[in-house]
Amino acid sequence: MWAGILLSLRQELIVTGIIFFLLFMKVGATEYKTGVVLNWVNVLLLANFVLGFFPVSDATLFSGMFHTNKLIVLEKNILNLGTLIVSLQAYSWLKDHRQVQEFYILLLATLVGFFFMISAGNLLMFYLGLELSTIPLTALSSFDLEKRQSSEAAMKFILSSAFSSALLLFGISLLYGATGTLAFDGIAQRLDGSAFQLFAFILILSGFGFKISAVPFHLWTADVYEGSPVTVTAYLSVVSKGAMFFIFIQALYTVFKPLAGNWYRILVLLSVLTMVVGNLFALRQDKLKRLLAFSSIAQSGFLLAGITGSSRTGEASVIYFILVYIFSNLGAFGVVSLISAQTGKESINDYKGLYASNPLLSWVMAISLFSLAGIPPTAGFFGKFFLLMAGAGKGNYVFIGIAALNMVISLYYYLRVIKAIFMDSQPQPIGKLKIPILPSIAFLICVAGIIMTGLIGWIYDYIYSLSIGI
Amino acid sequence: MNLSFLVLVPLITAVAVLFCRGLNGIRWVSLAGATVQLLLSFGLLALYWRERAAGNGTAMLFEYRHAWFPSLNIWYHLGVDGISIAMILLTAFVMEAAILVSWKVERMGKEFFVLLLLLSAGAYGFFLSLDLFTLFFFLEVSVIPKFLLIGIWGSGRKEYSAMKLALMLMGGSALVFIGLLGVYYNTGGAGGPHGFDWQAIAQMHLPAEVQRRFFPFLFVGFGIFTALFPFHTWVPDGHSSAPTAASMFLAGISMKLGGYGCLRVAVYLMPDAARYYSPIIILLATIAIVYGAFATMMQKDLKYINAYSSISHCGFILLGIGMLTQTAITGAVIQMISHGLMTALFFAAIGMIYDRTHTRLVERLGGLLKIMPFFSTVFVIAGLCSLGLPGLSGFVAEMTVFMGSWQHAGEMYRLATILACASIVITAVYILRATGQTIMGPVKDPHYNGLADATWNEKLAGVLLVVGIIAIGIAPFWLSDLLTSGVSVIMGHVEKAIIAGKAVIIKK
Amino acid sequence: MSQVPLSHILIVSTALFFIGMYGLFTRRNMITMLMSVELLLNSVNINFVAFNKYLYPDKLEGVFFTLFIIAIAAAEAAVTIAIIINLYRNFHSIDVEATGEMKF
Amino acid sequence: MPNYAYIALIPLLPLAGFVVLGLFGRRCFRHFSGLIGTGLVLVSTALALWVAYQYFFGTGHTALAFRSHPLIMLKADWLPFSPHLSIDLSAIIDPISVMMIAVVSFISLMVHIFSLGYMKGEERFATYYAFLGLFTFSMLGLVLSGNLFETYIFWELVGCSSFLLIGYYYERPTAVAAAKKAFIVTRFADLGFLVGILILSFQAKTLDFNMLIVQLLDPRLPHTTFLGISLLSWGLFLIFIGGAGKSAMFPLHIWLPDAMEGPTPVSALIHAATMVVAGVYLVARLYVLYGSDPGVLQIVLYVGAFSALLAAIIACTQTDIKRVLAYSTMSQIGYMMFALGSYGYTASIFHLFTHAFFKALLFLCAGVIIHQVQSNEIKGMGGLRKTMPLTHVCFLVACLAIAGIPPFSGFFSKEDILLAAYQANKLVYLLGLFTSGLTAFYMFRLYFSIFWNKPSERHPHKMPLVESIPLVILALGAAFAGFIPFSRLMNPDGAPEATHGISGMAIAPVALALLGIGIAAYLYGKESDRPAKVVAAVRGFYTFAYHKFYIDEVYSFITKKIIFNLIGRPAAWIDRNIVDGLMNLLAAVTARISAGIKGFQSGKVQDYALYFFAGIAGLTVLFIYIYT
Amino acid sequence: MSASAVVFYILSFFILGTGLLAVTSRKIFRSAIWLLFSLTGIAGLYFWLQMEFIAAVQIVVYVGGIVVLIIFSIFLTQQSGKDLPAPVRKRAIFSGSVVCAGFVLTCLLLRYPFRPLGHPVAGAGLENMGATASVGNIGAQMLSTSEYGYVLPFEVISILLLAAMIGCIVIAIKIKPEDK
C-alpha cells in the first residue's frame, strides 16, 4: 500500500526531494559554484520532467484529500515542463546571483504547492496548496533585493494576495457553513443555487480570479510582473496561471457543477471584461514586460471564454492552450530576460533594430508573439481557435464576436513589437549578444513546441481523450 | 497526384533557401522552386483534363483526406475542381513572375524570398482545401508574410500601410471565423457530429435562418480581402507601399482569396442567404466599380492608379457573384484570373520603371516608349487589358460578367449592369491618361535618356504574364470550359435554393 | 452558549471582517495594513469554529481548518514583514502612498 | 456552290503580318518589313477580289434566293455564355460584306504601297506596317463577322489600331491627345453599342446575325418596353449610337479632325475610306431591323443630314488641308447615313463604295503635297499645278468626283442618295442639295488655293513610283467606279432595284455643284482680297464656324470642369478622408478609451484592494439580486 | 438572558471595539496594542465556545508570536511616538461606504437556513470521541492517515513553513557590501 501511495505521490516527492537536496547543498560545508549548481538543478528538473511520464494508475488517497488521474498527471507534467524551461532561461540572470539554491528552493516549493493544489480533493488541501505556492512566490518576486521596483512589487503582491486569500477563506468558511463539508464531492452534492451559496461561490471565484488575473481582480498583475525579476514574471505568467486554470476548471466542472447556469453568465462577463481591459491597457504600454503582463491578462480572458463552453471540448482546449501558451509566452519572456540580463534594456524602443544585430533572438521573439496573437502556422492559432470554438458551443455568438475582435486589437500591439524589431532603427541599437547553451536549449524547445504542437494533431486529441468535461 | 505536393514544394523551397548562401543561390533556388510549381500546376491541369475526358464526373478530383483533429472532426482535406485549378495556375504564374522581378532585392534577400514562398504556400493551400478549417488556416497564414514584406522592403509610409493591411485583413478573418463557427455548430443536424467538410455541409442545406444570420459574416469577411466597399481602404496604401513582388502577389492573388471565399464558402454553402442579400451585394459592388473608377482618375501615383483600378475591377468579381447566374459567376471567376494576371503585370511594369526612374508620379515621367520600349509595351498591354480590349483577357472577363448580369432581369440589376458597363469608359479615360503621360509624349527628364531597358529576367516575367493574358484573351473557351463544371455545381445549389425558397413562399 | 444564536456570532465575525477590510483600505502604514489582514483572518477563524461547533459537531474539519489558517497566517506575516523591511531599506519609508513607481 | 473556306485567309494574312513585324520587325528585317506587309495584303486583296468575282458573277450566284439571305460559315464556338448564347467566330457572306472586303483590302493595299515611299526612312517603319496590318485585319474581320458580338470585338480592335496609328508620332503631345480623344469618344459611343447588344441578345436569345434578325422580327416576341419605348427600339438606337461614334456623326464627331495628327496614308485608309464608314456598315448590316423601326430610322436620317450640313459649313472655313478633308469625310458619311435613313440602302452603300476611292485619293494627294510644302496650311501653298502635274490631275479628278460632276463616280452615288431623300423627306432633300453645293465649293476652294492662286514655276518634283501608282489606280477608280451596275448587285432584300439612268432629278445637284465650283474659282482662282471681303461680310458666322461651333469647348468643359471636378475629385477626397477616415477613427477611439481608463491602474495597492472588493460586491449584486 | 449570553455579548463588543481602535488609532504603537487586545478577546471567544485548544493556540501564536513580531518590525521601521499619516480623505470615505455596503449585504445574506447535521455536543460530549476538540483527539487526528486524518496537510504545511522561513531569511538578511 505504501508503495502505491508513494508512487501516486511521486511527482510531489521528487520535487520535494530536489528541494532537500538543494537545502543540504546550501547548508553543507562546501561552497558550490553557481554554474555547477545551475547545471545540477537543470539536470534534476529534466529528470523530474521525464519521470513524470512514468505511467501510474488513478488513485484517491488520504480519505479523498489527494486524488490523481491521467489528466492531472499530464497537467503536472505540463507544469514541470514550464518550470524546466523557466529555469533554463534563468541561467543568464542567475549565474551571477548569490542565492541560487534559495531561489530554487522557493521556486520548487511553489511547484509542490501547485501539485497539491491540482490534485486536492478537499478545500483544505486546495487552500494549503494555494498558500504554499503564493507565499514563496511573493518572496521570489522581491528577489532583486536592491531594486526598488522589485520590493514594491513584492509588497503589492503579498498584500493583495493576503487580502484575496482572506476573501477566499471567508467564502470557504461560508461554504463550509452552508454544506458542512470541505470535501469536493460532498460540496457538489449539497449545492443548491441559493443566494448565500452564490455569495460564497463568488468570494471563492474572486480568489481564483485573483490568481488568474481576471478583471477586476487583475490589478496587481501588471505592477508585479513589471517589478519582479523577469524569470519570476515568466514563472508567474505561465506556470502559476496555468496551474490555477487547471484547478479552476476542475472546480467549476465538478465541484460547482450544480451552479453551472449561474457561473456561465458570470464567466462570460468576466471573460469579456478581461479581454477588453487587458487589450486596451496593453495598447499603450512601452515597457515590454508590462505589455506582456497585460497581454497575459487578455489571454486569460480567452481561456475563460474556453471554460464557458462547459464541455469536453472546453476543458481540452483550455489545457491545450495552456501548453501552447507556455511555449509562446516563455519564448517571448526568454528573449526579454536574456536581453535584460545582458543589457538591462526592457522597453520597446530599446528593441528597435534588434534584427540587425540578433536575427536569431528576433525570430524567436517574432514567432512567439505571432503565436500569442494566434496567427497560423503557430500553435497559438489552434489554441485560440479551439478556445473560441468551445465558447461558441453555447451559441452565444455576440460574446464570441467580441472575442474575435479582441484578437484583432491584440494583433496591433504584438505587431508594434515586431515592427520595432524588424523595421525601425535607432542610433545605438542593442549589440550582438551571446546566447549561453542552456537558454538556447530553452529557445529550441519553445520554437519547436510552437511549431509542432499545432500541426501535430494528436497532441490535442490525447488531451481530449483524457478530459472529462462537465 | 497527391495535391499536398503543391503546398509542400514552396515550403521545401523556402527551407532550401534558408540553407543556401549567397544571393545568387537564393535566387536560383527559389526560381527553380517556382518553376517546378508551375510545371506541377500544368501537370495538374493535364491530369484534370484526362480525368474529365475519361468521364470522371465527380465534383472534386484527387481528393486527399487525413484526420487532423479527429475529436473535433477536423480534417486536412484537399481536392480540386476546375475553378481551383484555374486559381492555382494563376498563382503559379504570378509567383514565377514575382520571383523573376525581385531578382534585384539585395537587402535581406534570404528573408525576402522565404517570406514570398510562404505567402504562395498559403495561397495554394487555400485554393486546394476542401475543409473549412484548413481553408481558414491557409487564409490566415498569409498575414505574417504580407506584414513583414510590406513593412521591411516597402516604400513610402510602409509601417502604417503594413499595420493597416494586417489589421483590416485580420478583422476580415475574424468575421470569417465567426461565420465558420456558426456553420460548424449548425451542421450535423440533431446530435450528429459537427463538421467542417464543406461538400457535406452544402449537401445538408443549412436552415434558412441560420444562413441569413451567418452569411453576412462570411461574405463581408471574405469581401474585405477582395476590397468590398467600404472596407477597401487597405488596398491603396497596402499596394502602393509594398515592394513590387509583394504588390503583384497582393493584388494578383490575395485579393482573389476573398473572391474565391465569397463564391466557394459564402454563396455555395448559403444559397438562400445569397439570394436574400444579393441586392445589397450588387449595390456595394456597383458602388465599388463606379466610385473606384472615378477615384482612380484623380490619382497621380502609378501604383495608386493601379490600386484604385483594382478596387474597381474587383467590383466586377463581386457583381458577378452577386448576380447569381451561371454566366455571371463564370465571368466573376474569369475576372479573378484575368485581373490577377493583368494587375500583376501592371505592378511588375511599374516596379521596374520605378527601379530606374525612382519616381512613380505621372507628371514626372514621360516618353518612356523611346527609352524603355519593352516596359512601355508591357505597360500598354496591361493598360489595354485593363480597359477591356478584345484579344486580351480583360475583355473576356468583363463581357462574360455583363452578359451574365444582364440575364438577371430586374430594373435595379439592369441599372447596375449598365453602370458597370459605363465604368469601362472611365477605365479607358484613366488608363489612357496614364499611358499618354508616362509612355508617350516627350521625355520630360533628360537623364532618363541614359536608362536601360529590361534585363532578361524582367523580360521573362513580363512575357510570362503577357502570354497568360493573351492565352485567355484569344482562346477563352478552354478557360470557360474548365470552369463550367465547378460553377454549375454551385449554381445547382443556388437553383435548388431558389426552388426551396419558392416552396417556402408557397407554403406561406 | 446555546442561547446565543449562530447568526449573532456570524454577525460579529462579519463585522470584524469588514473592520479589518476598512483598515486595509485606509491605513497607509504597511504594518498596520498587515494588522488589518490579521483581523480578516481571525474573523474567518471565528466563522469556522462557530460553524463547526453549532452545525457540524461530529467532525472537526472547521477546527482543523482554523489551526492551519493560524499557522499560515503566521508564515504569511513573517514573510510580509521581511518584505516590508527590505522595502524599507530601499524606500526609507513604509508608507504605501510613497510606493507608486509602477502605474498605468 | 463553291466553298469559301479560304475567305478566312483574307483577314488572317494581315494579322500574320502584324504578329511577325510586331515581334521581330524592329530587329530582324526593318527594311523589308514594308515589303512583307504589302505582300501579305496583296495576297489577301487578290483573294478578296476573287471572292467578289465569284460571288457576284460566279455561276448560279445571281439567283435571288442565294443573295437574299446571307451565308454564315466557318462557325467556331469562341466563348459560350450559356447553352444557346455564345460568341462564335464566323464569317458572313452577303453582298455588302463581300463588297466591303474587296474595298477594304484594296484601299489598304494602295495605302501599303503608297507608304513604301511615303514613310521611307521612318524610325519605326516596321511598327508602322505592323499596325497597318493589325488595322487591316480588324477591319476585314469587322466586315466579315457573322455574329453581333464578334462585330463588337473587331469594332474595338479597329478603334485600338486607329488609336495606335493616330498616336504614331507619340512624341508630339498633340498626336497623343488626338489619339486619346479618338479612343475615348468612340469608346463612349461603344458603350451604347455594348448595351444595345445586351438588350438585343437578351431579346433574341442569340447573337448570330441571321438568327438574331429572324428572332427579333418574330411577332411572337414579348413586347417589353422601357420608358414607353420598346426594348427593341432602345437596342437599335443604342447600337446606332455606337455606329455614330465610329462614323463621326454629330455630336460624336469631334475626334475625327484631330485624328488627322496621324500619318497621312493612315488618314487615307482609316479616317477616310474604311473605319469611319463602319457605322454605316453596321446600320446596313442590321438594316432589316432598322427598316422595321421607323422611329429609329428617323433619328438616323436627321443625324445624318445635320452632320452632313454642319461638316460642310465647317469645311468651308478650315485652312488646314487635312482638316478640310476630314470634315468633308464627315459630311459624306452624313450623306450615307441619311441615305440609309431614307430607305436608300443601295444608294448609301454605293456612295460608301465610290467615296472610298476618291477620298482615299484626296488624302494620298494631300500627303504628297504636304511632303512637298512641308506644311498643312493652304495659305502656304498655291501654284503647284506645274510642280506636281500628276498629283494635280489626280486631285482634280477626285474633286470632280466628290463634287458630283458627271461622269465621275461621285455623281452617280450622290444622285441616288438625293433621289432616295427626295422620296423620303423633302426637308432633308433640300439640305442634301445645299450641302452638295457647299461640297463642290469647299473642295474647289481647296483645289484652287493649292494649285492655282499663285503663279506657278515649273521645276517638277519627281514622285517615286510606289507613290504614283496608287494615285493613278485610285484616280481611275474615282473616275469610273460609278459605272458599276451597283443597284443590281446589292440591296437589302436581294431583289435588284430598278436602276434609273440620268433622270431629271440629276439637274439640280449638278447645277449647284457647278455654281459652287464657279464661286470657288472666282474667289480663289488667283491671288486676291476677295475671300477676305467675303469673310468680313459674314464675320460673326465665319468665326463661329471657324471654331467648329465651339463644340470641342463644350466637351472639354463637361469633362474637365464637371466630371473631373464634381465627381472625380470628390470621390477621391471622400475615399481618403471619409471612408478611410472611418477606419482610422476606429483606431483613434480605441486609443482614447484606453487612455481614459488608465486611471484604474493607479499603482496604489489599496486602490487595487478596493476595486477588488467593489468587483465582488458588483458581481454579487448583479448575479444574486438582478439575474437569478 | 443567561450569563453565558451576557459574556458573549461583552466579549464581542470588546473584540469589535478594540479591533476598530486598532485600525483607526493614529499612534501605530497603540494600534498594535489594540490589536493585541482584540486577538485576546477572540481567544476568549474560543474559550466561550469550549474550544480550549484553539484558544490556546490563538494566544500562543497570535499574541505571543505575530503581535510581538509586528512590534519588533515597528521598532525596526518606525521612529515611535510620531503620528501616522492620516488616511487619504477620498479613499477613506469611499472605502467606508463600500465596507458598510458590504457588511449590510453580507448580513442580509446570512439569513440562511443553516441545517445542523449530526447532533450538537452538549457540554463535554463523551458520546463520540471523534468530535470533541480535546487536545489528544486533535493530535491523534492530525497525524492519522485514516478517515479524517490530517497527516497530509500537516506535511504540506511543514514544507510551507520551511519555504517561508527560507524566504524570510533571503529577503530580510542584510547583505554585506563585500558579498555583492
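Worth saying up front: this structure is predicted, and the values here are computed from it rather than measured.
Between chain D and the options A:Tyr412, A:Phe201, A:Phe163, the largest number of non-hydrogen pairs under 4.5 Å is found for A:Phe163. Between chain D and the residues A:Leu159, A:Leu283, A:Leu167, A:Leu273, the most heavy-atom pairs under 4.5 angstrom are made by A:Leu167.
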Derivation and outcome, side-chain contact (heavy atoms from CB on, under 4.5 Å), residues D:Leu622 and A:Leu269 | CA-CA 11 Å; D:Leu622 199 60; A:Leu269 178 69; 3.8 Å; yes
Decide yes or no on side-chain contact (heavy atoms from CB on, under 4.5 Å) for A:Val277 and D:Phe600, but give the supporting numbers first.
-> CA-CA 10 Å; A:Val277 172; D:Phe600 286 99; over 6 Å; no
Intermediate values then yes/no, side-chain contact (heavy atoms from CB on, under 4.5 Å), A:Ser160 and D:Phe612 = CA-CA 9 Å; A:Ser160 340; D:Phe612 192 109; over 6 Å; no
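With a 4.5 Å cut-off on side-chain heavy atoms, D:Ile597 and A:Phe281 count as touching. For the pair D:Val605/A:Trp220, no side-chain contact is recorded, criterion being any heavy-atom separation below 4.5 Å from C-beta on. Contact check for A:Asp223 versus D:Gln601: side-chain heavy atoms found under the 4.5 Å cut-off.
In this structure, the separation between OG1 on A:Thr221 and OH on D:Tyr608 is 9.5 Å, given to the nearest 0.5 Å. In this structure, A:Asn262 CG and D:Ile624 CD1 are separated by 9.0 Å, a value rounded to the nearest 0.5 Å. Taking CG of A:Leu405 as the start and OG1 of D:Thr590 as the end, the distance is 10.5 Å to the nearest 0.5 Å.
Within a 6.0 Å sphere centred on NZ of A:Lys257, heavy atoms belonging to other residues, nucleotides or ligands number 12 at most.
The shortest heavy-atom contact between D:Gly615 and A:Pro216 is CA-CG, 3.8 Å. Heavy atoms only, all atoms of each residue included: D:Ala595 and A:Arg284 are closest at CA-NE, 3.9 Å.
For A:Phe157, no part sits under 4.5 Å from any heavy atom of chain D, backbone or side chain. Within the 4.5 angstrom heavy-atom criterion, atoms from both the backbone and the side chain of A:Ile266 approach chain D.
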